[in-house]
Structure formats: C-alpha cells, structure tokens
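Residue indices begin at 1 and follow the sequence shown. Each ligand, and each atom within it, is numbered from 1 in the order the structure gives.
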Amino acid sequence: MKHLDAIIIGTGQAGPSLAARFSAAGKAVAIIERHKFGGTCVNTGCIPTKTMVASAYAAHVARRGAEFGFSVNGDICMDMRRVKARKDAISGRSNKGVEEGLRTLENCTVVQGHARFQSPRTVVVNKEVFEADKIYINVGGRASVPEMPGIHDVPFLTNSSMMEVDFLPEHLVVVGGSYVGLEFAQMYRRFGSEVTIVEKGPALIGREDEDISQAVREIIEAEGIRVRLNAKCISLAKHEGGVAVRTQCVEGEPDVSGSHVLLAVGRTPNTSDLDLDRAGVATDKYGYILVDDQLQTNVPGIWALGDCNGRGAFTHTSYNDYEIVADNLFSADHRRVSDRIQAYALYIDPPLGRCGMTESEIRSSGRRALLAKYAMSRVSRAYEKGETQGLIKVCVDAETKQILGAAILGTGGDEIIHVLLDMMYAKAPYTVIQRAMHIHPTVAEYLPTVMAKLEPFT
Ligand SMILES: Cc1cc2nc3c(=O)[nH]c(=O)nc-3n(C[C@H](O)[C@H](O)[C@H](O)COP(=O)(O)OP(=O)(O)OC[C@H]3O[C@@H](n4cnc5c(N)ncnc54)[C@H](O)[C@@H]3O)c2cc1C
C-alpha cells in the first residue's frame, strides 16, 4: 500500500491545479486518470468545440465576402479533415500540456487507470492500493444517453464521438436544443450540413428568459436551421440513408429523417463506477455527489469537485471549486461555493454572455427590480462589424441599485458580460457604470446608455 497526503481522482479542471498546490506545499499526492489528461473541456468539450466554432465562423464570414467588399473564387467548401486536424492540434496541445505539467510536478505520482474506493481512506487502481487522509473526486461527467425507444437500433453521436467526425453529415439531426446542441447545430450548418434541432421542451435553452430564447431561435433559423419544439415522445428508427427521429411534435412534421443524429440531452456524472458505497459517500438520485458549501462530502476527508458535485457544469465552476478547496486548506481563506455568482456563455455566433439571475427568476422572487433592454442593432460597433443580431438586457435591484442579472446576446457578449459580472462581485450600484468613461467604439460603451433606460418591472 502506498501512503500519501492526498489522492485526486480525475484530471479535469480542478484536479491538476490541486495536485500542483499539494506539490508546491511539499505534500505527497497521487493523481489518477483513466482516459485522456485534461478531461472533458480539453478533449471533448470547450476547447475542441470552440476551435470548431472558429472554423465555422471563418467560413460564415467568407460566404458574406461581398458585403465586406471581397470576393472568393468559387464556393466556400469545408475540408472537414483539415477542420478536424486543426481541432486535434489545438486540443492535443492542451492535453499534452496537462500531462507534462503533472508528470514534472515534484512529490506527485501520476497513475493511469480506473480508480475505485476500497474504504473511506483507500483507493485501488490497477490492483495497487493508495491510502491518504484526504481524497478529492474530480471525475466529471459524460453525455447522457436516455433509454428512448430505438436507441439500441441505430448509430448515434455524442459530443465525444463527434470529435472523430472528419466528414460532412448530409443532414445532422440534433436532439436537444440547449447549450451543447445549439453550438454543434450552428457550426455544422455553417460547415454545410442540413441541420434540424429536435427539442422536447417548448423553447430552446429553456432556462433562459423567453425573449433571449426567442432571439437565439431567430438567429439560428435565419441560417436555415430547422427547429422542432415540443417533441414530447422522441424515438429513433432506421431510415433509408440514416436515422429517423420520431417526435410526435406539436409543432412541425412529426418525423425528421437525417443522415446522422447527435444526442445532446444533458450530462450524467461519472460516479456509478467509483464504488462510492465502500467509502460511504452519498449521492443524489441522479448520481451527483452531495457536498457542503466547502465541497466536502458527507464523509470527512473526502471532497468532490467539478461537474460530479452538481454545483456547476462549467470549466470555470470546476476551477473555482479547486480554488475554494485549496484556499480553505492552504491559505485559511474561508471561501464558499455560495459566494460565487452564476455566469456562463453560449458559444453560438453571436454569443450569449450571462450572469446572475434571469428576469423570470427575479420576478418569481418577488423583489422590486428595474429592467432595461437594448437592441444590438442600435450599437454602432455591431453595425461596423456587420453583426447586429441580439440584445443587451440588465436587471437591477430597485433599492440597492445593484445588478441582479444580465444577458448580452450579441457580438462580444461573452467578453462584455464580465463588466457587469465584476460590478456584481464589487456589490457596486449600477450608477458607477453611468459615470465611467468607456472606450469608443465598443459594445461596452453602450452600457451607461442601457442603464439610463432602467425602468421598474411592469
Ligand atoms: C460539448 C461541450 C462543450 C462545452 N463547452 C464549455 C464551454 O465552452 N465553457 C465551459 O465552461 N464549459 C464547457 N463545457 C463543460 C466543461 O467541459 C466541464 O464543465 C468541465 O470539463 C469540468 O469538468 P470536470 O473538472 O468536472 O471534469 P472533467 O473535465 O469531465 O474530467 C474528469 C476526468 O476524470 C476522469 N475519470 C472519471 N472517472 C474516473 C475514475 N474512476 N478513475 C480515474 N479517472 C476517472 C475522466 O476520464 C476525465 O478525464 C462543455 C462541455 C461539453 C460536453
């Protein structure tokens, strides 16, 4: 048995940084990875998809050449092998960087294999037993594959298998109209596929406000993506030349036939094959590990970080989990999950940046609030770039004047949202923005103008 100060299971967005912190403190740590170093974000999530979104954006702008004053001889044709090769190179660099970074850490043992608990203090990998007083679980999640009728009869793609696709599907049917599904839908449409989104709910990205969801729908429909909502009873079946997705839709034709189908219907935590019961670690009914505000599980000495604790589903939430755990341990800085403010982006083009509460959450909370909306078509920088779709929306507390939540759907929205997010962390009133001088021409220079439009909720 090997005795250590700490064991980390998984090399996602929290584990490697935590290993580095243990190493720097002169503590003996083992980090265990069963598949690819860097986990989802590096290999099958953020990095490869944003690389592909960039290829799709370049093709889209090239097709609009005439608007910008240039012509391209011949059609814009994608070479999907080169798109994949670019994606593999960029993602591979990060994967390699994570592995090399870990292997060169002092006091750190890197173990490749599947980890399982043997007891609250021991973990087994490749029949070798590791023991530590502190164990950190960073095992992430995978694409959910629900037991829908026909699922075992037809081939289907997930975000992971999409990474191996080096051809252009003739007609990609995306089941699931949320963040992952929308990003793949738009990029493949821009690559040249026909694309249909089948969503069981009444709206795309159903957790967003209706106006934001509707604006996103308009953006993607304008590019020729078909959207089928209210697909209550989705099933799959073989079809000549591909797959039929039966929907029983209230809206549109009931069946959609495509050459390929991508399932983007949520994530499942990788916790069912960890033998958590041997350690006594509790999960909820979906398999997410239950943690307290400092990410400790019900078993003292075992923590869960990242997607597997159900407290966030993003790279930045996983990394923030690392910061919370490490600062509590090494800096006696009492950080908590409840201190963080919700923030994320949807990387369609133009992107949606989001922070804090939605308008509908604020309305249901019953608090007095002010609301302002501003169309991107009124923003001069958007005009200059020829990217005028979307809107800015800000909600503030009527009494404290602090920002409660915001959405920026439009060019640069994923970056500009941080102006508002940082104001929220500073707990500053929105009037500070009104007195700030912003740079021209930017989207952010309109934020004071947006604030001037704040009016009580009606
Ligand atoms: C298509 C897609 C796009 C995304 N885009 C974004 C984005 O733009 N921005 C963003 O913030 N987030 C994005 N995400 C989410 C983001 O990828 C995850 O939230 C992020 O990777 C955090 O993961 P994690 O740290 O929890 O673990 P993961 O990155 O999932 O890593 C977990 C690791 O643990 C390993 N593991 C699991 N079980 C065991 C075991 N028993 N033994 C040993 N090792 C094990 C796995 O092999 C894996 O390497 C995207 C996700 C997807 C699917």
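The closest heavy-atom contact to atom 42 (N) of ligand 1, among the options Gly12, Cys308, Ala115, comes from Ala115. Counting only non-hydrogen atoms, the option in Ser160, Ser272, Gly140, Cys46 that gets closest to atom 27 (O) of ligand 1 is Gly140. In this comparison of Asp307, Thr158, Ile8, Asn138, the heavy atom closest to atom 23 (O) of ligand 1 sits on Asp307.
For the residue pair Glu33 / Thr11, a side-chain donor-acceptor distance below 3.5 Å is found, with atom types taken as modelled. Judged by distance alone, the side chains of His260 and Glu170 never bring a donor and an acceptor atom under 3.5 Å apart. Judged purely by distance below 3.5 Å, without hydrogens or angles, the side chains of Thr196 and His171 pair a donor atom with an acceptor atom.
Using a 4.0 Å cut-off between heavy atoms, Tyr347 contacts ligand 1 through its side chain alone, with no backbone atom that close. By the criterion of a heavy-atom distance under 4.0 Å, neither the backbone nor the side chain of Ala345 is placed next to ligand 1. At a heavy-atom distance under 4.0 Å, no atom of Arg116 approaches ligand 1. Contacts with ligand 1 closer than 4.0 Å are made by heavy atoms of both the backbone and the side chain of Thr315. Proximity of Asp273 to ligand 1, defined as any heavy-atom pair under 4.0 Å, is not found for any part of the residue. The side chain of Lys50, and not its backbone, has at least one atom closer than 4.0 Å to an atom of ligand 1 (non-hydrogen atoms only; side chain from C-beta on).
Ring orientation note: the planes of His316 and Phe314 are close to parallel, at an angle under 30° on the 30°/60° scale.
A salt bridge between Arg311 and Asp293 is present, with a side-chain N of the basic residue lying under 4.0 Å from a carboxylate O of the acidic one.
For Phe37, the ring-ring contact (aromatic ring centres under 6.0 Å, His included) test picks out no residue, with sequence neighbours left out. Among residues two or more places apart in sequence or in another chain, the side chain to side chain donor-acceptor pair (under 3.5 Å) test is passed with Asp133 by none.
Residue His35 has at least one heavy-atom neighbour below 4.0 Å for each of these atoms of ligand 1: 47 (O).
Under the side chain to side chain contact (heavy atoms under 4.5 Å, CB included) test applied with Thr283, the options Leu276, Asp277, Leu290, Leu274 reduce to a single match, Leu276.
Ligand 1 has no N or O atom lying under 3.5 Å from any N or O atom of Gly306, backbone or side chain. Considering backbone and side-chain N/O of Ser318, one or more are found under 3.5 Å from N/O of ligand 1. For ligand 1, one of its N or O atoms has an N or O atom of Arg34 under 3.5 Å away. For Thr40, a nitrogen or oxygen atom sits less than 3.5 Å from a nitrogen or oxygen atom of ligand 1, counting backbone and side chain alike.
Residue Thr44 places a heavy atom under 4.0 Å from ligand 1.
The 12-atom threshold is not exceeded at CZ of Arg82, counting heavy atoms of other residues, nucleotides or ligands nearer than 6.0 Å. For Lys385, the NZ atom is densely surrounded, since the number of other residues' heavy atoms within 6.0 Å is greater than 12.
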